[in-house]
Amino acid sequence: MSSVYRNFFGFSKDPFSSDIEIKNIIQTPEIKAINDRFDYTVKLGAIALVTGEIGAGKSTALRWIVAQLHPARFRPIWITASSGSILEVYRQILAEFEIKTATSSRATLTRMIKKQISELAQNRKLQPVLVIDEASLLRLEVFAELHTITQFEGDSKPWLPIILIGQNNLADNLLHRSATPLASRIVARRHLESVNREKMDDYLIHHLKIAGLKNSPFEEAAVTAIFQGSGGIFRKANHLARGSLIAAAADQSQSVNVEHVRLAASEIF
Ligand SMILES: Nc1ncnc2c1ncn2[C@@H]1O[C@H](COP(=O)(O)OP(=O)(O)OP(=O)(O)O)[C@@H](O)[C@H]1O
Ligand SMILES: [Mg+2]
């Protein structure tokens, strides 16, 4: 199915893909706003929160920001959270340093992480930045304890800034009493908004262009339908745009109309 519509429209690769290259990420004002908060938080060695709807572009924004960090100055540590225990989180962090351990002692794991962080910060003069994606999945016990890996020399050395990325309930989880030590270290927050109709138009044109198409096959009304159907959320727009291209190709139509978007919408959630 995919190669038929690709050839029909003359795409050089699959459009609206999730594995967008760094150079093709649109530097939206939202990304700029997150980047400012990222820099501020890293400077303070504190914690920042990035929230947003599912598929709004949180991971992509952070992927772009982390890619801009100079490797001679920064050492990003990126983990994707799961609903596992704090031990799992600690092991994931250590795995980023290529350290595998079977110990179940929180004290030992914390010590091992802090040793790596202070080695980076003090000996190698590299600024570590811990990015935890999907942080809304973390258990409350993790929120209650995570701040301990940021405490160096009686909490006087802010060597490990943390960027927490997650869906909207992440902020709610941080309001829990047990999460107060972590929440009290948050210095910046940004909620990634959905885009408006005009930005959605730019977004679609951008993705068409990086897949090798100069002229947009989407009729104005189809763009409106994709905007409305997606609620301004990028991933959903990707699915609607791709699906409606497939529907148009099946219809032997070089232009994508509202009916094609409607057909695409009937297949996604
Ligand atoms: N700045 C951008 N430029 C180009 N495409 C983007 C941008 N941001 C997001 N996208 C597109 O939207 C898709 C969804 O974005 P992303 O995976 O970053 O969302 P998310 O908010 O992290 O979602 P989730 O809540 O599921 O983790 C990406 O795969 C990409 O195709
Ligand atoms: Mg994500």
Side-chain angles (χ1 to χ4, degrees), residues 2 5-6 11-38 48-69 76-84 89 92 129-138 162-174 189-213 216 218 223 226-246 264-265 268-269:
S2 84
Y5 89 92
R6 263 180 60 169
F11 286 109
S12 54
K13 60 178 180 179
D14 284 334
F16 304 104
S17 72
S18 55
D19 60 344
I20 183 163
E21 286 176 66
I22 297 287
K23 68 173 165 55
N24 289 329
I25 293 174
I26 309 168
Q27 290 150 53
T28 60
E30 283 290 298
I31 292 190
K32 169 89 177 62
I34 297 172
N35 202 4
D36 290 346
R37 283 157 182 81
F38 183 100
L49 198 59
V50 178
T51 54
E53 296 282 322
I54 298 171
K58 302 179 292 296
S59 305
T60 306
L62 266 296
R63 214 153 59 79
W64 185 85
I65 293 166
V66 165
Q68 311 310 308
L69 299 175
I77 304 149
W78 182 298
I79 68 166
T80 303
S82 68
S83 53
V89 174
Q92 275 183 288
V129 186
L130 176 59
V131 180
I132 307 185
D133 199 2
E134 304 287 0
S136 33
L137 290 177
L138 295 172
I162 303 179
I163 315 295
L164 297 171
I165 316 170
Q167 287 147 32
N168 306 346
N169 66 321
L170 174 56
D172 298 336
N173 293 345
L174 285 158
R189 264 170 91 162
R190 184 76 187 188
H191 182 76
L192 196 57
E193 298 291 345
S194 53
V195 298
N196 61 21
R197 162 73 170 72
E198 191 193 339
K199 291 274 159 49
M200 183 55 79
D201 201 10
D202 296 343
Y203 175 82
L204 297 175
I205 289 168
H206 177 81
H207 270 267
L208 291 168
K209 208 182 277 169
I210 59 183
L213 217 64
S216 170
F218 294 106
V223 174
I226 291 171
F227 166 65
Q228 286 171 346
S230 66
I233 297 294
F234 289 153
R235 187 181 299 124
K236 205 157 179 202
N238 284 352
H239 295 332
L240 286 174
R242 193 187 314 103
S244 56
L245 285 165
I246 292 169
I268 65 168
F269 280 90

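Counting starts at 1 for both ligands and their atoms, in listed order. Computed from a predicted model, the values in this text were never measured in an experiment.
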Which part of [X] is near ligand 1, with near meaning a heavy atom under 4.0 Å away: side chain, backbone, both or neither?
X	answer
I20	side chain
N238	side chain
E53	backbone
R63	neither
Y203	side chain
L192	neither
A61	neither

Atoms in ligand 1 flagged as close to [X], the criterion being non-hydrogen separation under 4.0 Å:
X	answer
H207	4 (C), 5 (N), 31 (O)
I31	1 (N)
E134	27 (O)
I25	1 (N), 2 (C), 3 (N)
Q167	25 (O)

Tell me, which protein residue and heavy-atom name are nearest [atom], and how many Å apart are they?
atom	result
atom 17 (O) of ligand 1	R235 NH2, 3.0 Å
atom 19 (O) of ligand 1	G57 N, 3.1 Å
atom 20 (P) of ligand 1	K58 N, 3.5 Å
atom 3 (N) of ligand 1	I26 N, 2.9 Å
atom 9 (C) of ligand 1	F234 CD1, 3.4 Å

Answer yes or no: is there a donor N or O on one side and an acceptor on the other, between the side chain of [X] and the main chain of [Y], under 3.5 Å?
X	Y	result
H206	N24	yes
T51	G166	no
K58	E53	yes
Q92	T80	yes
S194	G232	no
R63	I20	yes

Classify the angle between the aromatic ring planes of H207 and F16 as parallel (below 30°), tilted (30 to 60°) or perpendicular (above 60°). parallel
If we only count N/O pairs under 3.5 Å, is [X] in contact with ligand 1?
X	answer
G55	yes
T60	yes
A56	yes
H206	no

Near the Mg ion (ligand 2), which protein N/O/S atoms fall under 2.8 Å? S59 OG
Could you check L204 against S216 for side-chain contact (heavy atoms from CB on, under 4.5 Å), going step by step and ending with a plain yes or no? CA-CA 8 Å; L204 297 175; S216 170; 6.0 Å; no
Out of S59, G166, S136, S17, indicate the one that has the non-hydrogen atom closest to atom 22 (O) of ligand 1. S59
Measuring only between side-chain heavy atoms, which start at C-beta, is F234 closer than 4.5 Å to V195? yes
Side chains of F38 and L69: closer than 4.5 Å at any heavy-atom pair? yes
